[in-house]
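I have placed the structure first, in the form of structure tokens, so that the comments after it can refer back to it.
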Amino acid sequence: TCSPISGATFSVGDNTVTCTAEDANGNVGTATFVITVVEYVPPPISATVTNAPGSSTPGCEPDCFIPSTVAISVGGTVTWQNSDTAAHTATSGTASSGASGHWDSSLVMAGGSFSHTFDQDGTYHYFCMVHPWMQGSVVVGDGTPIRTAEPEPEPTPVEEVHEEVD
């Protein structure tokens, strides 16, 4: 027998369970263990992403889209708001692999917005077709599978050495 009994409801946090058993010869064994209950908080149904001010010029990486990664529930909607002064896109895929075809905002002018609803679990990478250094990700549900190509890492700058010849 166990205390609390099988089927009991546990509260959020650590819950101690003690079980005792007796065999046919009268030997008694006792074990105690802890069950930790964590409250499940589902991801939000919607999210808003904004363009970083000045993101039409390199240097905002990795936060050209703010936030650069959003998590939503299946059936949720992401709205991209262009608060920059230049036109941008939010296009599924990567700059190196191209558009994946899941969505494309076309040009979103300054002050405009674009929304897309996600009906499947997965991780979707996206970028701005006009300014390809702008990259972000949308994680839907548990985030699997990855539905677009992975962005390539930013290359490490190489220091140039110039020698003067006499």
Side-chain angles (χ1 to χ4, degrees), residues 2-17 33-156:
C2 292
S3 176
I5 62 170
S6 178
T9 301
F10 294 100
S11 59
V12 172
D14 290 341
N15 298 270
T16 302
V17 177
F33 56 94
V34 175
I35 295 176
T36 302
V37 177
V38 179
E39 183 177 4
Y40 173 71
V41 178
I45 195 73
S46 65
T48 300
V49 176
T50 59
N51 297 99
S55 54
S56 59
T57 303
C60 55
E61 305 86 343
D63 297 314
C64 300
F65 289 106
I66 302 171
S68 60
T69 300
V70 294
I72 60 169
S73 299
V74 174
T77 300
V78 175
T79 299
W80 286 267
Q81 291 182 336
N82 185 359
S83 55
D84 194 21
T85 57
H88 293 283
T89 74
T91 304
S92 64
T94 65
S96 57
S97 298
S100 68
H102 291 93
W103 79 89
D104 179 22
S105 65
S106 298
L107 280 178
V108 178
M109 298 301 161
S113 66
F114 167 78
S115 296
H116 180 76
T117 299
F118 292 83
D119 295 322
Q120 291 183 312
D121 279 305
T123 297
Y124 300 82
H125 300 289
Y126 66 92
F127 69 111
C128 175
M129 291 183 74
V130 182
H131 311 105
W133 54 87
M134 298 177 65
Q135 299 178 21
S137 299
V138 178
V139 178
V140 182
D142 68 6
T144 56
I146 296 175
R147 298 207 179 262
T148 58
E150 292 276 355
E152 291 183 12
E154 290 292 316
T156 304

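For the numbers below, each heavy atom of this structure counts, side chains included, while hydrogens, waters and symmetry mates do not. What you see is a predicted model, and the numbers here were worked out from it, not measured in a lab.
- The side-chain contact (heavy atoms from CB on, under 4.5 Å) search around Ser56 returns Asp84, Ala86, His88, His131, not counting sequence neighbours.
- With sequence neighbours excluded, the residues satisfying side-chain hydrogen bond (donor to acceptor under 3.5 Å, both in side chains) with Thr144 are Asp142.
- Every side-chain contact (heavy atoms from CB on, under 4.5 Å) that Val70 has, sequence neighbours left out, goes to Ala47, Val49, Pro67, Val78, Val138.
- Residue pairs meeting the disulfide bond (SG atoms under 2.5 Å apart) criterion with at least one partner in residues 66-110, sequence neighbours excluded, do not occur; the list is empty.
- Under the side-chain hydrogen bond (donor to acceptor under 3.5 Å, both in side chains) criterion, Thr79 pairs with Ser115, not counting sequence neighbours.
- Taking both residues in full, the closest heavy atoms of Arg147 and Tyr124 are given as CD-OH, 3.0 Å, listed atom of the first, atom of the second, then distance.
- Remark: the backbone N or O of Gly59 is paired with a side-chain donor or acceptor of Glu61 at under 3.5 angstrom.
- By the 30° and 60° cut-offs, the orientation of the rings of Tyr126 relative to Trp103 is tilted.
- Closest non-hydrogen pair, Thr148 versus Ser100, comes out as CG2-OG, 3.4 Å.
- Here the straight-line distance linking atom CE of Met109 with atom CG of Asn82 works out to 9.0 Å at 0.5 Å rounding.
- For Ala71, the side-chain contact (heavy atoms from CB on, under 4.5 Å) partners are Val139, not counting sequence neighbours.
- Contacts of Ser68 classified as side-chain contact (heavy atoms from CB on, under 4.5 Å), with partners at least two apart in sequence or in another chain: Asp63.
- Here the CZ-OG1 distance, from Phe114 to Thr91, works out to 8.5 Å after rounding to the nearest 0.5 Å.
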Less than 3.5 Å apart, which donor and acceptor atoms pair up between the side chains of residues 9-17 and the rest of the protein, not counting sequence neighbours?
unit_1	atom_1	unit_2	atom_2	d
Ser11	OG	Asn15	OD1	3.4
Asp14	OD1	Thr36	OG1	2.7
Asn15	ND2	Ser11	O	2.9
Asn15	ND2	Gly13	O	3.1

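- Residue pairs meeting the disulfide bond (SG atoms under 2.5 Å apart) criterion with at least one partner in residues 74-149, sequence neighbours excluded, do not occur; the list is empty.
- Checked against a 6.0 Å centroid threshold, the rings of His125 and Phe127 do not count as neighbours.
- Panel note: side chain Ser73, backbone Gly76; no donor-acceptor pair is recorded below 3.5 Å.
- Residues passing the side-chain hydrogen bond (donor to acceptor under 3.5 Å, both in side chains) test with Thr77 are Thr117, sequence neighbours excluded.
- Within the structure, every pair that satisfies the disulfide bond (SG atoms under 2.5 Å apart) test and touches residues 45-104, not counting sequence neighbours, is listed here: Cys60-Cys64.
- Shown here for Val108 and Ser113, the closest heavy-atom pair between the two residues is CG1-N, 3.6 Å.
- Shown here are the side-chain hydrogen bond (donor to acceptor under 3.5 Å, both in side chains) partners of Asp121, two or more places apart in sequence or in another chain: there are none.
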Walk me through whether Thr89 and Met134 qualify under side chain to side chain contact (heavy atoms under 4.5 Å, CB included).
CA-CA 10 Å; Thr89 74; Met134 298 177 65; over 6 Å; no
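- Residue Trp80 holds its CH2 atom at 12.5 Å from OG1 of Thr50, rounded to the nearest 0.5 Å.
- The closest side-chain donor-acceptor pair between Ser83 and Asn51, if any, does not fall under 3.5 angstrom.
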